[in-house]
Amino acid sequence: LRSRNYGAAKPWEHILVDEVQDLSPLQKALVEALTPADGSGFFGIGDPDQSIYGFRGADSGIEAALRSRWPELSVLSLTESHRSASAILEAGHDALAGRGACGELTSVTGFSATLQWMDAPSAEREAAWIADRIAYLIGGTSHQQADMHETLANCHLEAGSCSPGEIAVLYRTNAQSNAIEYSFKRNGIPYRIIGGTRFFDRAEVKDMLAYLTVINNRNDDLRLMRII
């Protein structure tokens with residue numbers, strides 16, 4: 001970019017940057033090289049309270065650096081949340097313990113939310129905890145509902161009030177889905193993976209299960225053919 005001297009007449013009018021708080025010094029230099037000297041046409045969006053990639057080189061002072069380079073830069077604060085319920089926003093604010101750079105958000109969704117915290121000793125125990133609550137919400141057996149009734153006494157949702165399609169489980173990495181999927185299968189909870197392949201549908205998992213099945217039952221021609 002520096003070798004191709006575009007001067008003031010760059011062949012684009014706008015530079016849009018998402019997650020500005022995660023820019024590294026190299027990425028910042030790239031943005032500056034793409035943007036006119038006065039910063040015109042630059043639009044960035046980010047949340048300094050979500051700056052978690054310092055270990056990968058993200059510049060924690062990116063906002064101050066951009067303001068210093070482009071003094072005329074306008075900053076708009078978004079103070080309303082159109083996605084999260086108040087309980088979720090309050091929990092996030094409390095987690096920052098007053099160190100938040102953006103101030104408090106106000107929910108305008110009208111949604112209710114119940115938060116529960118669980119310190120899981122293992123991935124399997126965490127998955128079982130998730131499955132128990134989903135079984136309760138989609139109307140599991142009377143035994144399951146009785147077990148969960150006291151635990152979820154303060155939940156804003158009643159037992160059997162949800163369908164599987166109304167429930168989502170969010171996880172950070174794909175590897176975390178294995179234990180959750182296994183727990184769902186054990187509890188008869190239907191599910192589908194968005195943007196990925198279900199653990200038990202993966203070719204390598206099917207191959208391994210085929211080997212184990214044939215070891216246990218040499219007459220299983222279907223699994224034997226898969227191995228062959």
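Put simply, the side chain of Q27 gets close to the backbone of S24: a donor and an acceptor are under 3.5 Å apart. Without hydrogens or angle criteria, W70 side chain to S40 main chain gives no donor-acceptor distance under 3.5 Å. In this structure, S68 contributes its side chain and A64 its backbone to no donor-acceptor pair below 3.5 Å. Remark: side-chain polar atoms of N187 are paired, donor with acceptor, to backbone N or O of S183 under 3.5 angstrom. Judged purely by atom type and a 3.5 angstrom limit, S177 uses its side chain to pair as donor or acceptor with the backbone of N174.
Within the 4.5 Å cutoff, side-chain heavy atoms of I167 are placed close to those of I138. Put simply, the side chain of K28 reaches to within 4.5 Å of the side chain of I62, judged on heavy atoms. Side-chain contact check for R223 versus L212: every heavy-atom pair is 4.5 Å or farther apart. Two residues are said to be in side-chain contact when any heavy atoms from C-beta on lie closer than 4.5 Å; I134 and V169 meet this criterion. Looking only at side-chain heavy atoms (C-beta outward), R133 and Q116 come within less than 4.5 Å of each other. Contact annotation: the side chain of F42 never approaches that of L34 to less than 4.5 Å [non-hydrogen atoms, C-beta and beyond].
Residue pairs that meet the ring-ring contact (aromatic ring centres under 6.0 Å, His included) test with at least one member in residues 202-228, sequence neighbours left out, do not exist here. Pairs engaging residues 38-66 under the salt bridge (Lys or Arg N to Asp or Glu O under 4.0 Å) rule: E63-R67 [sequence neighbours left out].
Taking Ile, Leu, Val, Met, Phe, Trp and Tyr as members and joining any whose side-chain heavy atoms lie under 4.5 Å apart, directly or through other members, the hydrophobic cluster of L105 also contains L89.
Taking CD1 from I228 and CG from D221, the interatomic distance works out to 9.0 Å, rounded to the nearest 0.5 Å. For the atom pair CG of D22 and OG of S60, the computed distance is 11.5 Å after rounding to the nearest 0.5 Å.
Residues satisfying the ring-ring contact (aromatic ring centres under 6.0 Å, His included) test with F184, not counting sequence neighbours, are Y191. Residues satisfying the side chain to side chain contact (heavy atoms under 4.5 Å, CB included) criterion with Q176, sequence neighbours excluded, are Y171, R172, T173. Applying the side chain to side chain donor-acceptor pair (under 3.5 Å) rule to S81 yields no partners; only residues at least two apart in sequence or on another chain are considered.
Neither side chain, S77 nor T79, offers a donor N or O lying under 3.5 Å from an acceptor on the other.
Residue E166 places its CD atom among more than 12 non-hydrogen atoms of other residues, nucleotides or ligands, all under 6.0 Å distant. In the displayed structure, M118 atom CE is contacted under 6.0 Å by more than 12 heavy atoms of other residues, nucleotides or ligands. Environment of CD in E158: sparse, with no more than 12 heavy atoms of neighbouring residues, nucleotides or ligands closer than 6.0 Å.
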* **Chi angles and distances behind the side chain to side chain contact (heavy atoms under 4.5 Å, CB included) call for I45, V20** => CA-CA 6 Å; I45 187 167; V20 171; 5.7 Å; no
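Contact record, R125 with P121: CG-CD, 3.7 Å, taken as the closest heavy-atom pair.
When the side chains of ILVMFWY residues are joined at heavy-atom separations under 4.5 Å, either directly or via intervening members, L30 and L73 end up in a single hydrophobic cluster.
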